Amino acid sequence: MEEEKRASDIADIGVVNSHDHLCLLYQDDSEVLNLVLPFIQKGVATGERCVYLHAAQDKLERLLQNVVEVQKQDSGALVLLPVKQTWFSGGAFKPERVMELLRNICSGAASEGFSGTRIICDMGWAVKDPKSLELLHRFERDLTAFAEEQDTALLCLYDRRVFSPELLLELVRIHPGLVSGGRVCQNPLFIPPGLQHRKKAAVCELDIFLAASQRMTMVEAESERLKQELEQAYAALARKIYENWQEEDTLRANEQQIHEKDEALLANRRRLQTILQHLPVIMMAFDNSDRLAACNHEYERITGFRVEEVIGKPMLQLLQVEGALREDVVSAHPPQGGDYRGREWSLRCKDGSPKLISWYNISRYVPITGWVNWIIGLDVTSRVQAENGLRVLKVELETRSAELVAIGQAVSHDLGARLERISGDCDRLQKLQQSKLDPPGRELLESIGMAARELSGTITALERMTALTAAELQPVEVDLSAMAAEIAAELSGHAQRPVDFRIEDGVTVTGDKDMLRLAMEQLLENAWHSTIGVKHPVIRFGTAQVEGERSCYVSDNGPRLSATLREVAGASGNERSCRDIGLATVQRIINLHRGRIWSAEQAGKGAILYFQV
């Protein structure tokens with residue numbers, strides 16, 4: 001219901017001052033209700049008496065009656081005067097009587113302590129009496145003079161539905177102020193009282209029109225200026241909003257980057273902690289008081305201590321060091337972090353046994369917040385024990401080797417003496433009994449002598465081998481091509497039989513020269529003996545790529561029986577060991593040089609001996 005509208009739902013009539021004479025034109029009841037009520041309420045709120053001279057409008061009268069009932073505590077603040085007591089008192093409208101009534105109302109309000117008076121004049125009564133319409137113009141001018149004299153504000157109500165536009169226009173010109181759009185504004189068409197007595201009405205209206213036009217032009221110019229300023233303000237605001245958006249986007253991007261960096265940093269920290277915890281070496285971190293701040297799983301495994309058992313303990317309590325070593329430990333851990341490596345200090349274990357650890361301090365190179373010194377260590381206890389055991393074994397091995405060299409030399413000397421006796425006996429027997437021996441006997445005797453001489457050379461080589469292995473290897477660069485040429489010349493000089501030696505130039509290796517000389521002699525002599533009886537003997541020495549590696553070889557075209565070949569110990573495939581003591585000597589020399597030797601013989605097609613040094 002419109003009568004039940006709250007004050008917050010009613011329009012604000014604006015600022016109303018004393019001595020105001022206002023005109024309100026309305027077209028419907030809701031419009032007048034929404035403006036009259038705040039006019040009255042603000043007056044009551046400021047301590048003024050509000051008087052309504054109505055024109056028998058039932059809806060507004062009922063609403064105001066309800067307001068009066070609600071505001072009983074403000075007794076006398078709102079007065080409703082009916083038509084017969086105001087406009088038609090005495091049966092007809094008389095302006096003098098109404099003006100007297102208004103003066104009494106204002107004086108009564110002042111005597112009763114009200115700060116002022118607000119009077120609402122509903123002029124709807126005038127349309128019912130043609131004579132009253134004639135008096136209405138003079139009455140409105142009297143009201144303007146009355147408002148200037150009294151401490152009051154007048155609000156005249158005109159219903160556009162009952163008054164003609166021509167009449168309303170004339171009446172509006174009499175009011176200094178208007179209520180338009182819920183606000184009080186100055187009336188641009190107002191004609192001051194008495195002006196038409198000095199000028200003609202047309203001139204007055206023309207002046208008013210020109211003044212209104214000038215004011216409208218000024219208003220339009222001001223409106224245009226305000227519009228431009230507003231557009232500029234909007235543009236500046238839009239730029240500012242855009243800049244703020246960009247700044248917000250930048251801030252969000254920065255926040256995202258910072259968040260991502262924080263996440264990456266946190267992930268790196270977690271990764272670092274995981275790495276340090278699972279390192280296969282001991283990790284210990286100390287604070288600025290040299291107390292343990294962190295340790296890893298390897299520390300727990302080696303010492304047997306759990307983390308909670310050692311956290312916060314002093315460094316010297318965890319290490320097992322005494323005397324000068326304690327001073328060394330303290331000096332190696334300055335407050336700014338150390339940078340040593342390779343220091344060996346014993347670490348105390350839970351069972352009381354020490355573990356010798358090789359320590360590395362990298363605090364200066366990789367500083368970590370909260371860890372003044374953090375060190376890593378490698379358990380070298382087993383290595384030291386193994387080194388001590390190796391030293392003992394080395395002494396024992398040297399003793400055994402010396403014994404074997406002595407035995408080898410004794411055996412070689414004894415065998416050499418016996419073979420020399422056998423060879424001498426064969427020579428004497430051949431001289432004394434040569435005429436008595438038949439041809440098979442003489443051949444047998446020559447074969448025994450030759451075998452003794454060959455075996456004597458082999459024993460001499462074995463004796464040289466024993467003497468060479470007793471000393472340490474002396475590795476130098478050795479020209480095997482020149483060495484093979486010298487040995488080939490010696491072999492050709494001892495026995496007058498044509499052998500084609502084909503030696504590759506520039507074959508060099510690194511090794512012991514004397515040992516390699518002995519090995520080359522044995523290899524070439526083996527090939528020399530293998531070609532005995534061959535019509536066109538050929539012996540080669542050179543290099544070849546075998547399985548992608550450079551290998552030296554000695555080959556001949558002497559006959560071979562595959563049944564006589566033996567596999568080299570520890571070898572596989574076609575790698576074969578050499579035959580007889582001479583080739584066994586070669587194999588021993590190659591082994592001492594960390595190399596290998598193998599055979600590639602084929603039955604009836606000669607043989608190739610490959611070796612690598």
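Keep in mind that this is a model prediction, so the values were computed, not measured. Only heavy atoms go into these numbers, but all of them, side chains included; no hydrogens, no water, no symmetry mates.
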Enquirer: Can you find a heavy atom in the side chain of Arg391 that is under 4.5 Å from one in the side chain of Val395?
Expert: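 Side chain of Arg391 against side chain of Val395, heavy atoms only: no contact under 4.5 Å found.
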Enquirer: Pro334 and Ser331: which non-hydrogen atoms are nearest, and at how many Å?
Expert: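 Answer, listing the atom of Pro334 first, then Ser331: CD-O, 4.0 Å.
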Enquirer: Which heavy atom in Lys350 sits nearest to a heavy atom in Gly304, and how many Å separate them?
Expert: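 Looking at all heavy atoms of both residues, the shortest contact is CD-O, 3.3 Å.
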Enquirer: Decide yes or no on side chain to side chain contact (heavy atoms under 4.5 Å, CB included) for Ser555 and Leu609, but give the supporting numbers first.
Expert: CA-CA 6 Å; Ser555 67; Leu609 290 174; over 6 Å; no
Enquirer: Is the shortest distance from a Lys or Arg side-chain nitrogen in Arg383 or Glu344 to a carboxylate oxygen in the other one below 4.0 Å?
Expert: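 Glu344 and Arg383: salt-bridged.
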Enquirer: What distance separates Asp556 CG from Thr531 OG1, expressed to the nearest 0.5 Å?
Expert: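 These two atoms lie 6.5 Å from each other.
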Enquirer: As an exercise, state the distance from CH2 of Trp598 to CD1 of Ile590, rounded to the nearest 0.5 Å.
Expert: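 So the gap between those two atoms works out to 10.0 Å.
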Enquirer: Near Lys313 NZ, under 6.0 Å, is it more than 12 heavy atoms from other residues, nucleotides or ligands?
Expert: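 More than 12 within 6.0 Å, yes.
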Enquirer: Determine, for Asp328 against Arg326, whether the closest basic-nitrogen to carboxylate-oxygen distance falls under 4.0 angstrom.
Expert: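 Salt bridge between Asp328 and Arg326, a charged N being under 4.0 Å from a carboxylate O: no.
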Enquirer: Between the side chains of Asn361 and Asp339, does any donor sit under 3.5 Å from an acceptor?
Expert: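 No, no side-chain donor-acceptor pair sits under 3.5 Å.
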Enquirer: In Å, rounded to the nearest 0.5 Å, how long is the span from CD1 of Ile368 to CD1 of Ile362?
Expert: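 Going from the CD1 atom of Ile368 to the CD1 atom of Ile362 covers 8.0 Å.
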Enquirer: Taking side chain as C-beta onward, heavy atoms only, is Met483 less than 4.5 Å from Ile503?
Expert: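 A side-chain contact under 4.5 Å is absent here.
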Enquirer: What's the separation between atom CD1 in Ile241 and atom OH in Tyr234, rounded to the nearest 0.5 Å?
Expert: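 Between atom CD1 of Ile241 and atom OH of Tyr234 there are 10.5 Å.
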Enquirer: Do Leu318 and Val310 have side chains that get closer than 4.5 Å, going by heavy atoms?
Expert: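 In contact.
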Enquirer: For the aromatic rings, using the six-membered ring if either is Trp, is the centroid distance between His333 and Tyr340 under 6.0 Å?
Expert: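 Aromatic pair counts; centres sit under 6.0 Å.
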Enquirer: Is there a side-chain contact between Trp359 and Ile282 (heavy atoms, below 4.5 Å)?
Expert: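 Answer yes - side chains close enough.
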Enquirer: If the test is side-chain contact (heavy atoms from CB on, under 4.5 Å), which one of Phe611, Trp528, Tyr553 qualifies with Leu523?
Expert: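 Running side-chain contact (heavy atoms from CB on, under 4.5 Å) over Phe611, Trp528, Tyr553 with Leu523 returns exactly one hit, Phe611.
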Enquirer: Closest heavy-atom contact between Arg550 and Val507?
Expert: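 Of all heavy-atom pairs spanning Arg550 and Val507, the closest is NH2-CG1, 3.7 Å.
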Enquirer: Does atom NZ of Lys513 have more than 12 heavy-atom neighbours, drawn from other residues, nucleotides or ligands, at distances under 6.0 Å?
Expert: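 Counting neighbours around NZ of Lys513, 12 or fewer heavy atoms of other residues, nucleotides or ligands fall under 6.0 Å, so no.
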Enquirer: How long is the gap from CG on Leu276 to CE on Met284, to the nearest 0.5 Å?
Expert: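 Nearest 0.5 Å value for the CG-CE distance: 14.0 Å.
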Enquirer: Got a second to check how far Leu316's CG is from Asp290's CG, nearest 0.5 Å?
Expert: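 Interatomic distance, Leu316 CG to Asp290 CG, rounded to 0.5 Å: 7.5 Å.
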Enquirer: For the residue pair Val307 and Phe305, establish whether any side-chain heavy-atom pair is separated by less than 4.5 Å.
Expert: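 Contact flag for Val307/Phe305 side chains = no.
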Enquirer: Within the side chain of His259, is there an N or O that forms a donor-acceptor pair under 3.5 Å with the backbone of Glu255?
Expert: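 No.
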Enquirer: Check this for me: does any side-chain nitrogen of one of Arg252 and Asp249 sit under 4.0 Å from a carboxylate oxygen of the other?
Expert: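 Result for this pair is yes, salt bridge flagged.
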Enquirer: At their closest point, which heavy atom of Gln320 faces which heavy atom of Pro354, and how far apart are they?
Expert: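 Where Gln320 meets Pro354 most closely, the heavy atoms are OE1-CB, 3.7 Å.
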Enquirer: Are Gln545 and Glu549 linked by a side-chain donor-acceptor pair shorter than 3.5 Å?
Expert: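 No - no donor-acceptor pair under 3.5 Å links their side chains.
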Enquirer: For Asn591 and Gly595, which heavy atoms make the closest approach, and how far apart are they?
Expert: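 Heavy atoms of Asn591 and Gly595 come nearest at OD1-O, 3.9 Å.
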Enquirer: State whether the number of non-hydrogen atoms from other residues, nucleotides or ligands found under 6.0 Å of Arg341 atom CZ is greater than 12.
Expert: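 Open: at most 12 neighbouring heavy atoms sit under 6.0 Å from CZ of Arg341.
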Enquirer: Is there a donor-acceptor pair closer than 3.5 Å between any side-chain N or O of Asn296 and the backbone N or O of Pro280?
Expert: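 No, because the side chain of Asn296 does not come within donor-acceptor range (under 3.5 Å) of the backbone of Pro280.
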Enquirer: Is there a side-chain contact between Val613 and Ile597 in this structure, where contact means two heavy atoms from C-beta onward sitting under 4.5 Å apart?
Expert: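 Val613 does not reach Ile597 side chain to side chain.
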Enquirer: Quick check: does any side chain N or O of Thr381 sit under 3.5 Å from a backbone N or O of Leu356, one acting as donor and the other as acceptor?
Expert: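 Yes.
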Enquirer: Are side-chain N/O atoms of Arg271 and Asn268 paired as donor and acceptor at under 3.5 Å?
Expert: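 On atom types as modelled, these side chains qualify, holding a pair under 3.5 Å.
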Enquirer: Kindly check if the number of other-residue, nucleotide or ligand heavy atoms within 6.0 Å of CZ (Arg594) is above 12?
Expert: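 Incorrect, the count does not exceed 12.
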Enquirer: Restricting to non-hydrogen atoms, name the atom on Gln277 and the atom on Cys295 that form the minimum distance, rounded to 0.1 Å.
Expert: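 Result for this residue pair: NE2-O, 3.1 Å.
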Enquirer: Identify whether the distance between the nearest side-chain nitrogen and carboxylate oxygen of Arg239 and Glu243 falls below 4.0 Å.
Expert: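 No salt bridge links Arg239 with Glu243.
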Enquirer: Walk me through it: do Phe501 and Arg540 pass the test side chain to side chain contact (heavy atoms under 4.5 Å, CB included)?
Expert: CA-CA 6 Å; Phe501 282 95; Arg540 291 182 175 86; over 6 Å; no
Enquirer: Given Thr510 and Glu477, is the side-chain hydrogen bond (donor to acceptor under 3.5 Å, both in side chains) satisfied, shown in steps?
Expert: CA-CA 4 Å; Thr510 300; Glu477 188 175 1; over 6 Å; no
Enquirer: In the structure I gave you, are the side-chain heavy atoms of Arg502 and Val538 within less than 4.5 Å of one another anywhere?
Expert: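 They are in side-chain contact.
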Enquirer: Establish, yes or no, whether a centroid distance under 6.0 Å links the rings of Trp345 and Tyr360.
Expert: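 Not close enough - the centres of the two rings lie 6.0 Å or further apart.
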Enquirer: Let me see the working for Glu490 and Arg517 under salt bridge (charged side-chain N to carboxylate O under 4.0 Å, His left out), right down to the final yes or no.
Expert: CA-CA 13 Å; Glu490 292 175 1; Arg517 174 75 185 204; 3.2 Å; yes
Enquirer: Would you check, one step at a time, whether the test side chain to side chain contact (heavy atoms under 4.5 Å, CB included) holds for Asp500 with Ile539?
Expert: CA-CA 6 Å; Asp500 185 7; Ile539 298 176; over 6 Å; no
Enquirer: Checking side-chain polar atoms at under 3.5 Å, does Ser481 have a donor or acceptor matched by the opposite partner on Glu504?
Expert: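 Distance-only check fails for Ser481 and Glu504.
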Enquirer: Please assess Glu525 against Gln522 for the test side chain to side chain contact (heavy atoms under 4.5 Å, CB included), listing each intermediate value before the final yes or no.
Expert: CA-CA 5 Å; Glu525 287 178 4; Gln522 296 301 313; 4.1 Å; yes
Enquirer: Between Leu319 and Arg348, is any pair of side-chain heavy atoms under 4.5 Å apart?
Expert: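 Leu319 does not reach Arg348 side chain to side chain.
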